[in-house]
Amino acid sequence: MSSDIKLTQSRVTEEALSGRLPLRSSERVYNGYGSFLWTCTAFSAATWAFLIGGFLPYVGDVRVGVLGYLAGMLIGMAVVVLASGLPSFKYGVEPIDAAKASFGPYGIVMPLFGLLATCVGWTYVVVALTARGAANVLQTVEQSEVATAEPVVIGLALFTMFAVWLVASKGPWLFERISNYIAPGHILVTVVMFAILLYHYGADLWTLQVPADQRLASTPGQGFALAVEFGISNSLTWWPIMGGLTRLVKRRSHIVGPSVVGVGVLGAAFISMVAAFAALSAGTPDPTIWMIKLAGPALGSLIMTFVLAANIATMVIMLYLAGVSIQQIKPLTRVRWDILIALMLLPGVYVAFRTEWTLSIVMSWLSYNGVMFVGITGVTFVDYFILRKETLAPAHLFSRDPSSKYWFWGGVNWVAVIISVLSVALYLYLYNPVTTAMHPLAHTLGAGIPTVVVSGIAYYLIMRMFVIPSGKGGYKQAGSATTSPEVIPTL
């Protein structure tokens, strides 16, 4: 009998981890500070961290760019962890379910679309980056001046997707263990590259700069503001990711530190700093070129191979988060986990045959895609911490019934939706992430944090003056889970 009970408990835990059921403390994956720190670091330290670093020198003074980027990441990650990470941790739910308290059970279409576009879209981009990078390594190993044949690139992309599917289909336990090796490896590789730079340049390393006519900012102040905005805009795209990860953490004290340090400092700022100076020394922001050029064909190829292989952990985490959240679409709750992961990877077959197109078109679109989380962050932060005082009714998060606390108007809180849409317009008015054009106000105040603040204040005022007095949204019973009509939770 006891073996049957243990088997049942194991299956329930497995279903909860690969589905949307709230996770109890005993079912969560991350027991310690270090294990969650390494996962955050491994996820943040993907190839994009090296690419971002390669473009930091163009803000003006590279030292100002690195400091500004670090400041932006720290500020943005602190806000995102509070807005997305803490509600998901407290109730063991993924971020889209938690967002129903502010958007309604049908209003979450907007954050759900953003989450899927970000996680699945970036997975395809990293597949293309990995395949192209691996092709460059092969070309170096073969000492050939001819680019690797396109069929080989296609084969590398397809193999990468198969490896991602193989790991992701096992659930979060496996990527938690893999991250414990990949993240320290990333730090070690970055330290080695930094040591090589210091060996070659010594104190002159700190004087490397891009030509004045290639700089995006004309003064150090403008350069710092631009770099801060890079960091903030990057960190705000973590809204759909942090909640999905903190849901797997056992202790509240293990949330903020690993998230901010792992993502903001180790995975982003430190790696991007080394990448910035390496790109300057090699004359190209492409890490698949400067790694080999700096470290030499043998060591450079070895380092690049590790970095590309480590991308698999990043893609696995993104697909896991997308796989859980996509089950908001009811028919997909009945699809077996490994098949669900395969279905999300299926469009990637097209990406495998069009890697250059993916890197040129899709990556530009994703730069705009992340902007939608600016307003969502402001709305969810104010709703959870100020209006609801950190109290939700879990059963109502899984109800699509007019008796639900979070029904609002036909299942949609139009105040949250409209403010989130207008916030995108405000952000783009202040700063364009693709052209890097900045409004004069953004040179002083930035764009990300002012937009978050404005959206939060607007949401608070409208909800306080009109929505809460009307009795919608369950705010008057925010401190009690028993005063509202009984609901039947559904997935």
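- Within the 4.5 Å cutoff, the side chain of V307 has no heavy atoms near those of the P287 side chain.
- Listed for the R251 side chain is no donor-acceptor partner under 3.5 Å among the backbone atoms of G32.
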* Between M193 and F277, is a side chain to side chain contact (heavy atoms under 4.5 Å, CB included) present by the stated rule, with each step listed? -> CA-CA 10 Å; M193 296 303 298; F277 286 109; over 6 Å; no
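- Looking at E229, its side chain never comes within 3.5 Å of a backbone N or O of I232 through a donor-acceptor pair.
- For the pair R28 and F89, the distance from NZ or CZ to the six-membered ring centre is under 6.0 Å and the angle to the ring normal is within 45 degrees.
- Here the side chains of L266 and S44 are not in contact, with every heavy-atom distance at 4.5 Å or above.
- Of all heavy-atom pairs between R388 and L392, the closest is CD-CD2, 3.6 Å.
- Around the NZ atom of K90, the shell of radius 6.0 Å holds more than 12 heavy atoms that belong to other residues, nucleotides or ligands.
- Between M344 and T123, every side-chain heavy-atom pair lies at or beyond the 4.5 Å cut-off.
- Within the 3.5 Å criterion, the main-chain N or O of D338 finds a donor-acceptor partner in the side chain of W165.
- By the neighbour-count criterion of 12 heavy atoms within 6.0 Å, atom OH of Y350 is densely surrounded, having more than that number from other residues, nucleotides or ligands.
- N234 has its side chain within reach of M73: a pair of non-hydrogen atoms, C-beta onward, lies under 4.5 Å apart.
- Between Y431 atom OH and L226 atom CG the span is 5.0 Å, to the nearest 0.5 Å.
- Looking at Y427, its side chain never comes within 3.5 Å of a backbone N or O of V374 through a donor-acceptor pair.
- Rounded to the nearest 0.5 angstrom, L245 CG and S259 OG are separated by 7.5 Å.
- Counting only distance, with no hydrogens or angles, the side chain of T380 and the backbone of T377 share a donor-acceptor pair below 3.5 Å.
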* Asked: Given V421 and M110, is the side chain to side chain contact (heavy atoms under 4.5 Å, CB included) satisfied, shown in steps?
  -> CA-CA 9 Å; V421 172; M110 181 180 181; 4.0 Å; yes
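- Taking every heavy atom of both residues into account, V379 and A416 meet most closely at CG1-CB, 3.8 Å.
- Separation of atoms CD1 (I326) and SG (C119) is listed at 10.5 Å; rounding is to 0.5 Å.
- One finds the OG1 atom of T358 at 9.5 Å from the CG atom of L129 (value rounded to the nearest 0.5 Å).
- Listed for the Y320 side chain is no donor-acceptor partner under 3.5 Å among the backbone atoms of G244.
- Panel note: side chain T246, backbone G85; a donor-acceptor pair is recorded below 3.5 Å.
- Pairing each heavy atom of R400 with each of W407, the nearest pair is C-CZ3, 3.6 Å.
- Atoms CG and OG1, from L321 and T118 in turn, are 11.0 Å apart once rounded to the nearest 0.5 Å.
- Here W38 and Y30 keep their ring centres 6.0 angstrom or further from each other.
- For K100 (side chain) and L397 (main-chain N/O), a donor-acceptor pair under 3.5 Å exists by modelled atom type.
- No side-chain donor-acceptor contact under 3.5 Å links S84 to the backbone of V80.
- At a threshold of 4.5 Å between non-hydrogen side-chain atoms, the residues V382 and L387 count as touching.
- Summarising the local packing, CZ of F55 is surrounded by 12 or fewer heavy atoms from other residues, nucleotides or ligands at distances under 6.0 Å.
- Between P95 and G243, the shortest heavy-atom distance links the atoms CD-C, 3.7 Å.
- Counting heavy atoms from C-beta outward, V467 and W414 have side chains that stay 4.5 Å or more apart.
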* Take H186 and T41, measure what side chain to side chain contact (heavy atoms under 4.5 Å, CB included) needs, and give me the verdict at the end. => CA-CA 9 Å; H186 261 303; T41 303; 5.6 Å; no
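- Contact detail for A269 and L70: the closest heavy-atom pair is CB-CD1, 3.5 Å.
- Two residues are said to be in side-chain contact when any heavy atoms from C-beta on lie closer than 4.5 Å; F230 and V59 meet this criterion.
- No donor-acceptor pair closer than 3.5 Å links the side chain of T39 to the backbone N or O of F36.
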* Show the numbers, then the answer: is there a side chain to side chain donor-acceptor pair (under 3.5 Å) between S399 and D401? => CA-CA 6 Å; S399 173; D401 186 276; 5.1 Å; no
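- Counting heavy atoms from C-beta outward, V164 and V127 have side chains that stay 4.5 Å or more apart.
- Note that the CG atom of L115 and the OG atom of S325 stand 4.0 Å from one another [nearest 0.5 Å].
- The environment of F466 atom CZ is sparse: at most 12 non-hydrogen atoms of other residues, nucleotides or ligands sit within 6.0 angstrom.
- Taking the six-membered ring for Trp, F43 and W238 have ring centres closer than 6.0 Å.
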* To do: Test side chain to side chain contact (heavy atoms under 4.5 Å, CB included) on R247 and V324 and set out the steps.
  => CA-CA 11 Å; R247 171 180 181 250; V324 172; 4.1 Å; yes
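- F373 and W239 have parallel rings, their planes meeting at less than 30° on a 0 to 90° scale where 60° marks the start of perpendicular.
- Nearest heavy atom pair, residue V412 against residue G107, reads CG2-N, 3.8 Å.
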